[in-house]
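Single-structure report; data block below.
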Amino acid sequence: SAAEWGYTKRNGPFTWAKNYPTAAGIRQSPVDIDTALATSDSSLESKPLRWKYVPQNTRTIVNSGHGWRVDVDSEGSELVGGPLEGTYKLQQFHCHWGSSSDKGSEHTVDGQSYAAELHLVHWNSSKYADCGEAADYPDGLTVLGVLLKVGAKNPELQKVIDLIPSISHRGEKTEVKEAIDPAKMLPKTLSYWTYLGSLTVPPCNESVTWILFKEPVEVSEEQLAAFRSLRCYKRGEECPCDEVDGLLISNYRPTLPLGTRELRECGS
Ligand SMILES: CC[C@H](C)CCC(=O)Nc1ccc(S(N)(=O)=O)cc1
Ligand SMILES: [Zn+2]
């Protein structure tokens with residue numbers, strides 16, 4: 001529908017609050033990470049972040065119209081420790097990028113953008129029955145964010161990129177035959193910043209504990225170009241968005257004020 005949110009002038013981030021009032025809230029994401037504001041926290045250091053993923057549980061990849069998303073079977077996965085109470089399970093992972101590699105990440109660090117940002121979305125399985133329910137509670141979700149910078153080809157992400165031609169249009173989805181290991185897309189050093197925020201797309205629920213790794217991971221220009229080849233409209237329909245022939249060339253939300261929220265860090 002025309003009212004469908006997106007990333008163009010007509011339906012982009014500055015229009016979202018019209019249909020999704022939470023988007024104008026005080027606990028929104030992404031934010032600029034002002035590293036001088038970050039406080040190191042001994043309680044974070046004492047509970048190392050730990051995760052377990054089951055590569056065989058990656059099920060399908062879909063073109064949501066706002067990007068690609070790999071849906072996984074949450075069973076067998078877990079994320080614990082750091083700022084988290086209880087156990088979180090992996091639900092899906094996806095990415096945000098820009099029309100050129102000088103921008104595209106959602107979080108920025110001391111005002112610097114990266115070429116893209118990978119999000120691993122988890123829900124609190126200690127307290128809630130599923131992701132949808134968890135999304136309605138302040139401690140319901142946790143997203144691991146990985147900053148992507150231009151460099152070497154990323155072999156694990158290449159497994160996603162190989163599937164992009166079969167989900168070129170909105171709504172198309174395909175089975176993920178070759179197991180993709182989300183753990184292999186994480187940086188070597190596990191230092192991170194953490195703060196309380198939101199989903200970065202509508203309905204922008206303020207239910208996310210953000211954990212953003214400090215160390216960027218490399219991805220090649222060709223891989224970023226593949227992301228931008230996705231289309232935001234359905235096959236057979238004309239392009240509703242006024243983006244150049246409906247290519248999803250940019251799908252990141254500009255940063256929102258951190259306000260009075262605490263920004264903590266773990267590791268140097
Ligand atoms: C999990 C229940 C959820 C309502 C189902 C739909 C969903 O997953 N939305 C979603 C998840 C993560 C982000 S982000 N970009 O990582 O902040 C944005 C939107
Ligand atoms: Zn995201």
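Remember, it's 1-based here, ligands and their atoms both numbered in the order they're listed. Count residues from 1 along the sequence.
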Checklist line | Test item: Lys159 and Lys177 side chains (from C-beta on) under 4.5 Å apart, heavy atoms | finding: no
Checklist line | Where ligand 1 meets Gln92 - atom numbers and elements under 4.0 angstrom, heavy-atom basis | finding: 7 (C), 8 (O), 11 (C)
Checklist line | Atom of His119 nearest the Zn ion (ligand 2) (restricted to N/O/S, atom name only) | finding: ND1
Next item on the list: Please identify which atoms of ligand 1 are closer than 4.0 Å to at least one heavy atom of His94.
Entry: 12 (C), 13 (C), 14 (S), 15 (N), 16 (O)
Item checked: Proximal atoms of ligand 1 relative to His119 (non-hydrogen, under 4.0 Å) -> 14 (S), 15 (N), 16 (O)
Item checked: Metal site angle (apex the Zn ion (ligand 2)), NE2 from His94 and NE2 from His96, 10 degrees -> 110°
Check: Can you find a protein heavy atom under 4.0 Å from atom 6 (C) of ligand 1?
Finding: no
Check: With a 4.0 Å cut-off on heavy atoms, is His96 touching ligand 1?
Finding: yes
Check: Do Thr60 and Thr174 have side-chain heavy atoms sitting under 4.5 Å apart?
Finding: no
Checklist line | Heteroatom distance test (Trp210, ligand 1): nitrogen or oxygen, under 3.5 angstrom | finding: no
Check: Cut-off 3.5 Å, side chains only: do Asp139 and Tyr128 have a donor facing an acceptor?
Finding: yes
Check: Identify the closest protein heavy atom to atom 3 (C) of ligand 1: which residue and atom is it, and at what distance?
Finding: Cys131 SG, 3.9 Å
Note to self: For Gly76, is there any backbone N or O sitting under 3.5 Å from a side-chain donor or acceptor partner on Lys52?
What the structure shows: yes
Next item on the list: With heavy atoms only and a cut-off of under 4.0 Å, state how Ala135 meets ligand 1: side chain, backbone, both or neither.
Entry: side chain
Check: Heavy atom under 4.0 Å from ligand 1: found in Val121's side chain, backbone, both, or neither?
Finding: side chain
Check: How about Thr200 and Glu106: does a side-chain donor come under 3.5 Å of a side-chain acceptor?
Finding: yes
Item checked: Residue pair Val217 / Met185: nearest heavy atoms and the distance that separates them -> CG2-O, 3.8 Å
Item checked: Contact atoms of ligand 1, heavy-atom distance to Val201 under 4.0 Å -> 18 (C), 19 (C)
Next item on the list: Determine, step by step, whether Glu85 and Lys127 satisfy the salt bridge (charged side-chain N to carboxylate O under 4.0 Å, His left out) criterion, reporting the C-alpha distance in whole Å, the side-chain angles of both residues, the deciding distance to 0.1 Å, and the verdict.
Entry: CA-CA 10 Å; Glu85 298 285 319; Lys127 288 179 71 174; over 6 Å; no
Check: Can you tell which part of Val143 has a heavy atom less than 4.0 Å from ligand 1: side chain, backbone, both or neither?
Finding: side chain
Next item on the list: Would you indicate whether the side-chain heavy atoms of Leu44 and Tyr192 approach each other to under 4.5 Å?
Entry: yes
Notebook entry, point to check: Do Val72 and Val176 come within less than 4.5 Å of each other through their side chains, counting heavy atoms only?
Noted result: no
Notebook entry, point to check: Nearest protein heavy-atom contact for atom 10 (C) of ligand 1: which residue, which atom, what distance?
Noted result: Leu199 CD2, 3.9 Å
